[in-house]
Amino acid sequence: MTKYLFYAIIETKKGYLMKIRVPAAMLAVIMIIAAFPVSAHASFTGTRIKLRSPYQDCMNHRSSDSYNYNNDSHDYVTPYDADTDKISKRTGTSLTIHWYPVYGASGYEVCNKSGRIVKRISGMDVNQITVTGLKENTKYTFTVRAYKKKNGKYTYTKRSKKASGYTGYKISGKSSVSAAQMARYYRSKRSSYPSAYKSLGAATINDFTRIVYNEAKRYNIRAEVLFAQMMNETGFLNFGGDVSIYQCNFGGVGAVGNGASGLDFRSYAAAHYKAFGYSSASQAEKHAIEVGIRSQAMHLSLYAGAIRRIDNTIDPRGRYVRVGNAPYVQWLGIKDNPYTTGEKHSPSYRAQTRGWAAANNYGYTLVEKYIRPMKKA
């Protein structure tokens with residue numbers, strides 16, 4: 001018969017106290033469990049880091065938005081340097097990974113695609129890490145895990161799901177595509193070219209892309225970025241929205257929604273022909289395509305900070321640009337611009353809306369849907 005060496009007093013459902021005998025073996029088990037909280041340990045090691053979006057509460061987020069930022073994979077790894085909180089040379093070679101903190105963690109590790117640790121940081125409440133020294137315009141994949149350190153030993157949570165991001169694609173600089181490449185890319189997407197443009201300064205797509213290349217060079221921006229934006233805004237010169245094909249307005253300049261058609265660069269060219277270097281209004285109107293492209297190129301260049309001086313005639317909406325606040329294509333999206341997001345430790349904490357367009361993933365779309373395929377054309 002088992003010897004009962006200990007007694008325990010328990011309370012019944014009716015509130016009475018009852019004295020029961022506890023076997024020594026059972027008491028030993030209870031004491032071991034108390035000394036080593038297995039359930040807490042299992043809870044920590046069984047936790048999977050959840051990635052987060054820094055754009056959840058950004059200024060551009062409205063109740064009518066149909067997209068969920070926390071389900072948007074582009075938002076987990078963002079191309080900016082959250083450590084320095086400013087635009088610097090290393091901003092374009094930095095990626096910041098975002099996640100939700102884990103209770104009880106001693107710190108966090110960011111690992112690369114192969115599982116190697118690339119950054120470790122201590123502190124339970126940390127929710128982002130910036131990885132620096134990366135290559136520009138390059139895709140990187142990361143995972144995050146929390147660790148707990150006790151008596152020199154480490155225990156870890158499960159890794160987060162894989163998150164990928166591209167370092168910033170710089171808008172300013174030398175073009176990486178030729179006019180011929182842009183023309184080939186256009187023809188791969190659309191079999192016809194607008195006949196209306198024969199009388200407006202670009203009879204063929206080759207003429208058109210030569211103008212794009214030259215105007216991009218004039219304002220020290222990459223032609224592939226300018227052309228990608230034009231093709232995105234116009235549906236490969238198909239238009240169909242508020243802006244008419246005859247306006248030669250390839251960036252939707254002034255088309256702010258609710259039926260606003262924006263600038264008509266035929267009449268604008270005629271009214272400001274001297275500023276654009278033409279000898280007469282009629283001559284300028286016959287080159288409305290060049291006028292429209294030049295205006296958009298300057299506008300984009302101001303966003304990138306490739307030029308700093310605003311010419312309100314060449315770019316009639318230049319006065320609305322926060323010069324230099326979107327040096328990377330990805331930052332052209334208002335929601336994705338760190339000056340807009342409202343992230344506590346980002347430049348956006350100074351709370352102003354920056355960026356070219358409100359569309360979700362606007363800049364990412366330009367890079368992935370247009371620029372990369374164009375460079376392969």
Self-check item: Test side-chain hydrogen bond (donor to acceptor under 3.5 Å, both in side chains) applied to S94 - qualifying residues, sequence neighbours left out
Solution: none
Quiz item: Quick one: side-chain hydrogen bond (donor to acceptor under 3.5 Å, both in side chains) partners of Q283, sequence neighbours excluded?
Solution: S279
Self-check item: Any residue meeting side chain to side chain contact (heavy atoms under 4.5 Å, CB included) with K286, in chain and number order, not counting sequence neighbours
Solution: none
Practice problem: For Y156, check side chain to side chain contact (heavy atoms under 4.5 Å, CB included) against everything at least two apart and list the hits. | Solution: E109, R120, R145, Y147, Y154
Exercise. Using the ring of F44 (Phe, Tyr or Trp, six-membered ring only), decide whether K148 places NZ or CZ under 6.0 Å from its centre and within 45 degrees of its axis.
Key: yes
From [X] atom [atom1] to [Y] atom [atom2], the distance as rounded to the nearest 0.5 Å:
X    : Y    : atom1 : atom2 : value
M298 : R317 : CE    : CZ    : 15.5 Å
E233 : L366 : CD    : CG    : 8.0 Å
L200 : F265 : CG    : CZ    : 13.0 Å
R159 : R48  : CZ    : CZ    : 10.5 Å
L51  : H98  : CG    : NE2   : 10.0 Å
Y108 : D125 : OH    : CG    : 7.0 Å

Does [X] reach the main-chain N or O of [Y] with its side chain, forming a donor-acceptor pair under 3.5 Å?
X    : Y    : result
Q296 : I293 : no
T78  : Y80  : no
W99  : I129 : no
T91  : S88  : yes
N312 : P316 : no
N151 : K153 : no
T167 : N137 : yes
E290 : H287 : no
N337 : W331 : yes
N214 : I211 : no

Quiz prompt | Y186/T209 under side-chain contact (heavy atoms from CB on, under 4.5 Å): CA gap, chis, key distance, verdict | solution = CA-CA 9 Å; Y186 178 88; T209 56; 5.7 Å; no
For [X] and [Y], does a side-chain donor sit closer than 3.5 Å to a side-chain acceptor?
X    : Y    : value
D336 : Y362 : no
N249 : D264 : no
N206 : R187 : yes
T141 : S164 : yes

Which heavy atom of [X] sits nearest a heavy atom of [Y], and at what distance?
X    : Y    : value
A203 : Y193 : O-CE2, 3.4 Å
S175 : A223 : OG-N, 2.8 Å
A105 : A146 : CB-CB, 3.9 Å
I117 : C111 : CG1-SG, 4.0 Å
T130 : K119 : O-NZ, 2.7 Å
Y370 : T365 : CD1-O, 3.5 Å

Exercise. Quick one: sort the W356 and Y303 rings into parallel, tilted or perpendicular, breaks at 30° and 60°.
Key: tilted
Practice problem: Decide side-chain contact (heavy atoms from CB on, under 4.5 Å) for L134 and L95; before the verdict, give the C-alpha distance in whole Å, the side-chain angles of both, and the deciding distance to 0.1 Å. | Solution: CA-CA 8 Å; L134 305 174; L95 286 170; 3.8 Å; yes
How about [X] and [Y]: do any of their side-chain heavy atoms sit closer than 4.5 Å?
X    : Y    : answer
M124 : S106 : no
R294 : I314 : yes
M231 : M374 : no
V102 : I49  : yes
R52  : P54  : yes
T132 : T93  : no
V212 : M182 : yes
P327 : I171 : no

Exercise. Quick one: do Y197 and L237 satisfy side-chain contact (heavy atoms from CB on, under 4.5 Å)? Show the steps, please.
Key: CA-CA 10 Å; Y197 290 160; L237 305 181; 4.3 Å; yes
Exercise. Kindly check if the number of other-residue, nucleotide or ligand heavy atoms within 6.0 Å of OH (Y140) is above 12?
Key: yes
Quiz item: Would you say K369 has more than 12 foreign heavy atoms packed within less than 6.0 Å of its NZ?
Solution: no
Quiz item: With sequence neighbours excluded, what pairs up with R218 under the salt bridge (Lys or Arg N to Asp or Glu O under 4.0 Å) test?
Solution: E215
Quiz prompt | Residues that D75 engages under salt bridge (Lys or Arg N to Asp or Glu O under 4.0 Å), provided they are two or more places apart | solution = K335
Quiz item: Of F250, F236, Y213, which is the lone residue that meets ring-ring contact (aromatic ring centres under 6.0 Å, His included) with F208?
Solution: F250
Quiz item: Would Y166 end up clustered with V77 when hydrophobic side chains under 4.5 Å apart are linked, directly or stepwise?
Solution: no
Quiz prompt | I371 with Y364, same ILVMFWY side-chain cluster at under 4.5 Å | solution = no
Quiz item: side-chain contact (heavy atoms from CB on, under 4.5 Å) between I307 and N220: does it pass, once the steps are laid out?
Solution: CA-CA 8 Å; I307 59 171; N220 190 33; 5.5 Å; no
Exercise. Given side-chain hydrogen bond (donor to acceptor under 3.5 Å, both in side chains), test T143 with S160 step by step and report yes or no.
Key: CA-CA 5 Å; T143 58; S160 68; 5.2 Å; no
Self-check item: Y169 and its side-chain hydrogen bond (donor to acceptor under 3.5 Å, both in side chains) partner, picked from R222, E136, E224
Solution: E224
